[in-house]
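The structure under discussion appears below in the form of structure tokens.
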Amino acid sequence: MLSIGLRPNCLGYKYIFDLAKTYIDGNNILPLKLNGYVTLAQKYGKNASSIDKNIQNCISKAWLDADIDELYKEFGSTIDMSKGKPTAKQLIMHICDKISSK
């Protein structure tokens, strides 16, 4: 997660990590807004929209601070061209795939 520019000091980093761990452990997190975010909201005493916003902010910061060439090489065609960055689902599933392939 650090290699793609996600920073541990962002609250969304913890949420992305928890979602990836939950998925790797065999639990369903999709669709994120109905399963993953609700699970985290209950765990942390937040609401699902707060979880979503923190994850989006973490992704946005990564895209502002990280090496864009590396990000495009890592994510390729999964980047939403209208936003210039992957969606939360695309990023989280990409991280899950990377972790489970190791």
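Note that the numbering runs from 1 along the sequence shown for the chain. The basis for the numbers below is simple: all heavy atoms, side chains too, and nothing from hydrogens, waters or symmetry mates.
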Q. What is the minimum heavy-atom distance between Lys43 and Asp18, and which atoms define it?
A. NZ-OD2, 3.2 Å

Q. Is there a side-chain contact between Gln90 and Lys85, using heavy atoms and a 4.5 Å cut-off?
A. no

Q.
Using a 3.5 Å distance criterion without hydrogens, assess whether the side chain of Asn54 forms a donor-acceptor pair with backbone atoms of Ser50.
A. yes

Q: Return yes when atom CZ of Phe17 has more than 12 non-hydrogen atoms of other residues, nucleotides or ligands closer than 6.0 Å, and no otherwise.
A: no

Q | Closest heavy-atom pair and its distance - Ala62, Leu71 | A | O-CD1, 4.0 Å

List, one per line, each side-chain donor-acceptor pair under 3.5 Å for residues 5-16, sequence neighbours excluded.
none

Q: Show your working on side-chain contact (heavy atoms from CB on, under 4.5 Å) between Ile92 and Tyr23 and close with a plain yes or no.
A: CA-CA 9 Å; Ile92 292 165; Tyr23 183 80; over 6 Å; no

Q.
Give me the atom names and distance for the closest heavy-atom approach of Cys96 to Ala20.
A. SG-CA, 3.6 Å

Q: Check the pair Lys46, Leu40 against side-chain contact (heavy atoms from CB on, under 4.5 Å), reporting the backbone distance first and the verdict last.
A: CA-CA 8 Å; Lys46 306 282 184 187; Leu40 290 181; over 6 Å; no

**Q.** Residue pair Asn57 / Ile55, side-chain heavy-atom distance below 4.5 Å
**A.** no

Q. Between Ile24 and Ser100, what is the shortest heavy-atom contact and its length?
A. CD1-CB, 3.9 Å

Q) How about Leu19 and Ile95: do any of their side-chain heavy atoms sit closer than 4.5 Å? A) no

Q: Report whether Tyr44 and Leu34 are members of the same hydrophobic cluster (ILVMFWY, side-chain heavy atoms less than 4.5 Å apart, transitive linking).
A: no

Q | Side-chain heavy-atom pair Lys53, Gln56 within 4.5 angstrom cut-off | A | no

Q) Just how far is it from atom CD1 of Ile29 to atom OG1 of Thr22, taken to the nearest 0.5 Å? A) 7.0 Å

Q) To the nearest 0.5 Å, what is the distance between CG (Asn47) and OH (Tyr37)? A) 12.5 Å

Q: Please answer whether the main-chain N or O of Thr39 pairs with a side-chain N or O of Gln42 as donor and acceptor at a distance below 3.5 Å.
A: no

Q.
Between Asp25 (side chain only) and Asn27 (backbone N and O only), is there a donor and an acceptor less than 3.5 Å apart?
A. no

